[in-house]
Amino acid sequence: MEVIVQRDYAQMSKVAAQIVAELLNTKPNAVLGMATGSTPLGLYQELVRLHEKEQLDFSRVTTFNLDEYVGLPGNHPQSYHYFMHEHFFRHVNIPAHNINIPSGTTSNYPAFCEWYEKRITECGGIDLQILGIGTDGHIGFNEPTSSLSSRTRLKTLSKQTIDDNARFFERREDVPVYAITMGVGTILEARQLILVASGKTKAKAIAQAVEGPVTSMVTASALQLHRDAVVIVDEEAAARLTMRDYYEFIYAAKPAAPRS
Ligand code: F6R
């Protein structure tokens with residue numbers, strides 16, 4: 001696992017966007033795995049800037065989102081469909097038929113989940129999956145004790161995730177209890193993973209994921225099993241990493257490392 005520590009959120013977002021842009025420059029028809037939440041907003045803004053100012057082309061890109069709340073239609077302001085459209089898709093040139101987001105309103109969840117997995121395979125698999133991390137160490141909505149081999153499925157959110165995400169809703173009771181999420185096994189099949197984390201509320205989860213044991217209690221620790229995973233954090237999220245000097249030494253010595 002590569003760990004890149006950046007001074008702040010803006011720099012973290014730029015470095016992550018640069019990795020995505022480099023992939024698109026070498027593989028214009030790449031399949032991208034997308035995440036929602038507040039952390040990747042800066043990364044999406046930077047990709048939009050690269051599209052508008054530096055002609056970064058998304059016309060052959062296919063996307064798969066990690067997750068969606070069960071019960072929220074696509075036009076609900078807190079649905080991940082809405083989020084993606086608002087913050088990213090409407091600003092770039094990805095063809096609508098290349099965009100895949102789990103359905104929060106299907107009448108048959110098991111069949112939908114099976115279809116979603118099949119669709120990822122049919123598209124050649126995910127080249128690069130963007131991830132955030134929950135304060136409970138989740139990736140996607142793979143809450144503590146999720147199998148590290150899990151596939152796309154319905155998942156009950158943990159109390160901590162409901163508390164964390166209540167900030168986006170009017171009332172805590174409005175936060176959906178269930179989500180449809182790619183599994184940890186699905187995520188690990190992506191050819192490259194980048195996880196972004198910012199702020200002191202993520203410091204514990206980052207330390208556990210990067211330097212703790214691989215455990216289903218912190219599903220982000222499964223990134224340790226992946227051959228090409230990059231964790232990009234700001235100073236605050238890096239605060240509890242014990243090997244920070246080593247990560248910085250490696251990054252400084254890397255000739256082609258993305259920098260701004
Ligand atoms: C969202 C997702 C979640 C978030 C995580 C962090 O698609 O998969 O795992 O990445 O809950 O969310 P923020 O960035 O809002 O702290």
Side-chain angles (χ1 to χ4, degrees), residues 9-10 12-13 16-17 32-46 63-70 72 74 76-89 99-104 116 126 128-146 148 150-169 175-188 190 193-206 208-209 216-223 229-234 236-237:
Y9 178 75
M12 176 208 79
S13 304
L32 298 180
M34 314 305 281
T36 55
S38 41
T39 315
L41 281 173
L43 155 58
Y44 293 145
Q45 271 163 20
E46 177 61 9
T63 63
F64 285 90
N65 263 78
L66 278 170
D67 41 23
E68 178 58 287
Y69 288 119
V70 164
L72 299 193
H76 189 289
Q78 298 313 330
S79 75
Y80 289 164
H81 279 73
Y82 190 91
F83 175 101
M84 288 308 299
H85 182 74
E86 251 340 86
H87 297 292
F88 189 56
F89 294 142
I99 293 172
N100 300 279
I101 306 178
S103 166
Y116 202 69
I126 293 172
L128 185 154
Q129 175 67 56
I130 298 165
L131 298 164
I133 185 170
T135 57
D136 65 0
H138 71 212
I139 46 175
F141 275 129
N142 294 287
E143 300 290 29
T145 72
S146 290
L148 301 186
S150 50
R151 313 299 309 187
T152 303
R153 70 209 182 292
L154 264 190
K155 193 72 202 159
T156 309
L157 303 191
S158 71
K159 189 180 161 301
Q160 195 171 329
T161 297
I162 294 175
D163 287 344
D164 288 347
N165 290 3
R167 70 188 192 279
F168 298 113
F169 293 81
V175 184
V177 174
Y178 301 102
I180 186 165
T181 181
M182 279 187 206
V184 182
T186 320
I187 292 168
L188 289 179
L193 304 177
I194 58 175
L195 185 148
V196 281
S198 161
K200 53 180 186 294
T201 58
K202 300 292 173 70
K204 183 174 172 212
I206 283 294
Q208 288 176 322
S216 65
M217 290 300 287
V218 179
T219 54
S221 67
L223 266 66
V230 186
V231 173
I232 310 162
V233 288
D234 66 6
E236 287 187 342

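Start at 1 and go down the list; that is how both ligands and their atoms are numbered. Basis for what follows: all heavy atoms, side chains included, without hydrogens, waters or symmetry-related copies. Numbers for residues simply follow the sequence, beginning at 1.
Tyr178 has its ring centre no less than 6.0 Å from the ring centre of Phe141.
Near ligand 1, Ala35, Thr36, Gly37, Ser38, Thr39, Leu66, Asp67, Gly132, Ile133, Gly134, His138, Gly140, Arg167, Lys202 each place a heavy atom less than 4.0 angstrom from the ligand.
With contacts defined as side-chain heavy-atom distances shorter than 4.5 Å, the pair Ile187/Asn142 qualifies. A heavy-atom distance below 4.5 Å is not found between the side chains of Glu143 and Thr156. Inter-residue side-chain proximity for Thr181 and Arg153 is flagged as met; some heavy-atom pair is nearer than 4.5 Å.
Results of the side chain to side chain contact (heavy atoms under 4.5 Å, CB included) test with Leu195 over Val230, Ile206, Ile232, Val233 single out Ile206 as the only residue that passes.
In this view, Tyr44 and Phe88 satisfy the ring-ring contact (aromatic ring centres under 6.0 Å, His included) rule, not counting sequence neighbours.
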